[in-house]
Amino acid sequence: MTIDEQLAYLRKGTVEIIREEDLRAKLEKSARTGTPLRVKLGADPTAPDIHLGHTVVIRKLRAFQELGHTVIFLIGDFTGLIGDPSGKSATRPQLTREEIAANAETYKAQIFKLLDPDQTVIDFNSRWMDTLGSDGFVRLASHVTVKQILERDDFAKRLAENRPLALHEVLYPLVMAYDSVALEADVELGGTDQKFNILMGRNLQREYAQEAQVAVIMPLLEGTDGVQKMSKSLGNYIGINEPPSEMFGKVMSISDELMWRYYELCTDTSLEEIERMRAAAKSGASNPRDLKVELAKRIITDFHSATDARAAEEEFNRVFKRKETPDEIEERTVTAGRWKLPRLLVEVSLAPSMAEARRLIEQGGVRLDGEQRSQVNDEVEVTTDHAPLIQVGKRRFLRVRGQSLE
RNA sequence: GCAGGGGUGGUCGAGUGGUUAAUGGCACCGGGCUGUAAACCCGGCGGGCUAACGCCCUACGUAGGUUCAAAUCCUACCCCCUGCACCA
């Protein structure tokens with residue numbers, strides 16, 4: 001690949017590259033000297049559950065690896081002390097060495113589904129922050145002015161709106177920036193929410209007489225709700241460790257409009273192909289449903305396998321298209337005998353309360369052995385040899401077997 | 001400590017003595033439709049009891065009080081937020 005081709009490849013999907021000329025220069029230098037670029041990505045030490053949103057940036061790391069560069073996956077075990085830079089949550093609890101190590105292992109297991117382990121370095125910023133000392137920290141702080149820090153949108157806004165802004169939060173960008181100095185990073189990746197922090201790294205590196213890193217800013221992926229960014233706490237995420245059938249269902253539940261975004265940011269599909277599919281869907285030549293199935297399969301293939309993807313599709317069709325029962329149904333045991341239907345639903349946790357169970361039944365959401373039961377006072381015979389199949393809604397199935405008391 | 005603002009159901013946010021289990025949005029759940037767990041439409045959304053009409057309990061920061069009646073008024077307390085504090 002020529003440098004121009006490499007640039008174009010790396011540019012795909014980015015929101016911004018600051019500055020592209022710098023990246024070009026670094027790529028040229030790397031090619032000339034045969035030294036791979038050091039590409040940094042910071043990670044939160046407390047939340048090692050990776051979801052599709054995180055993979056947007058990880059995919060970009062992989063692009064750098066494909067071009068022969070080194071990825072530094074930095075676990076911010078020190079920065080974690082400072083807490084969520086969005087100011088929503090307080091300081092996080094200090095993790096023990098064991099917990100950090102465990103989280104790092106969890107990270108590895110997940111990121112290596114996308115990244116090449118041989119070209120990846122896992123590091124921790126406590127390695128240099130722990131030995132910095134308070135005097136070192138103060139000296140570090142002398143390189144940045146208050147005004148520079150307050151340029152951050154989020155900070156400025158909170159001050160303007162009289163919302164709290166704790167001092168330690170202001171230090172967050174500083175530590176992150178220093179990580180880039182310590183690592184001598186050539187490139188740092190991050191979502192748009194990290195732009196300020198990454199730029200701070202550029203400034204600080206210059207202060208330390210280093211060449212400034214290039215900022216590669218990726219978009220934030222919307223969650224399954226299509227509105228807010230994907231996050232675990234909002235419950236709109238697709239975790240990469242989720243079982244294939246779960247992933248399939250979640251992908252199928254995104255809106256048709258959002259599907260293009262996922263194609264672009266979560267698969268290797270080229271922009272041209274996406275445009276073609278989009279046009280086909282619009283003209284009616286393709287069924288959006290089929291395109292969404294394809295999307296789901298591509299995503300599942302990345303984190304599981306093509307076989308798993310096919311199985312998940314088959315399962316989905318069976319349950320939702322043909323309205324048959326799933327392949328595997330969990331079985332629960334209850335005391336044998338006659339059960340009032342609502343009581344039974346609560347007993348096996350298909351409903352959280354009697355009131356809720358009644359509602360489900362009255363609304364026609366409950367089936368017993370495939371037959372709708374809308375009578376709240378229905379009774380069900382549960383014996384040791386007959387285990388009725390209970391279905392609540394479209395997707396929750398349970399077989400209930402009786403167990404006689406001794 | 002002082003001054004001001006605020007604490008309501010999963011969440012946001014109305015309500016300032018009485019059809020208020022508490023408007024509305026979001027989230028969530030069920031149904032319909034379909035090409036999908038899309039979109040759209042309809043319904044539900046504290047809990048217990050009842051076949052059902054319905055009855056009862058719990059809930060608006062905490063604890064008391066006033067009243068026939070309080071999320072709404074009074075008292076005390078707790079918590080959160082913003083500002084003030086020095087140089088005088």
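Remember, it's a predicted structure, so these values are computed and weren't measured experimentally.
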query: Parallel, tilted or perpendicular: which describes the rings of A:His54 and A:His51, with under 30° parallel and over 60° perpendicular?
result: parallel

Between [X] and [Y], do the side chains contain an N or O donor and an N or O acceptor separated by less than 3.5 Å?
X: A:Ser245; Y: A:Glu315; result: no
X: A:Lys60; Y: A:Thr14; result: no
X: A:Gln205; Y: A:Ser180; result: no
X: A:Thr269; Y: A:Arg298; result: yes

query: Whole Å only: how far is the CD1 atom of A:Ile361 from the P atom of B:rU50?
result: 13 Å

- prompt: Does a side-chain N or O from A:Arg289 land closer than 4.0 Å to OP1 or OP2 of B:rG35, or not?
  reply: no

message: Walk along nucleotides 42-47 of chain B from 5' to 3' and tag each nucleotide B, S or - by protein heavy-atom contact under 4.0 Å, base first, then sugar-phosphate.
response: -BSS-S

field: Sugar-phosphate or base contact per nucleotide [nucleotides 51-57 of chain B; S, B, -; heavy atom under 4.0 Å]
entry: S------

field: Separation between the P atoms of B:rA88 and B:rG15, rounded to whole Å
entry: 48 Å

- prompt: Please, what dot-bracket string fits RNA chain B when only Watson-Crick and G-U pairs with both distances under 3.5 Å count, crossing ones use [ ] and pairs to another strand use |?
  reply: ((((((((.[[[..)..(.....]]].(((((.......))))).((((....))))...[[[[[..)....]]]]])))))))....

task: Could you please name the option among B:rG30, B:rC33, B:rG35 that lies closest to any side-chain atom of A:Lys394?
output: B:rC33

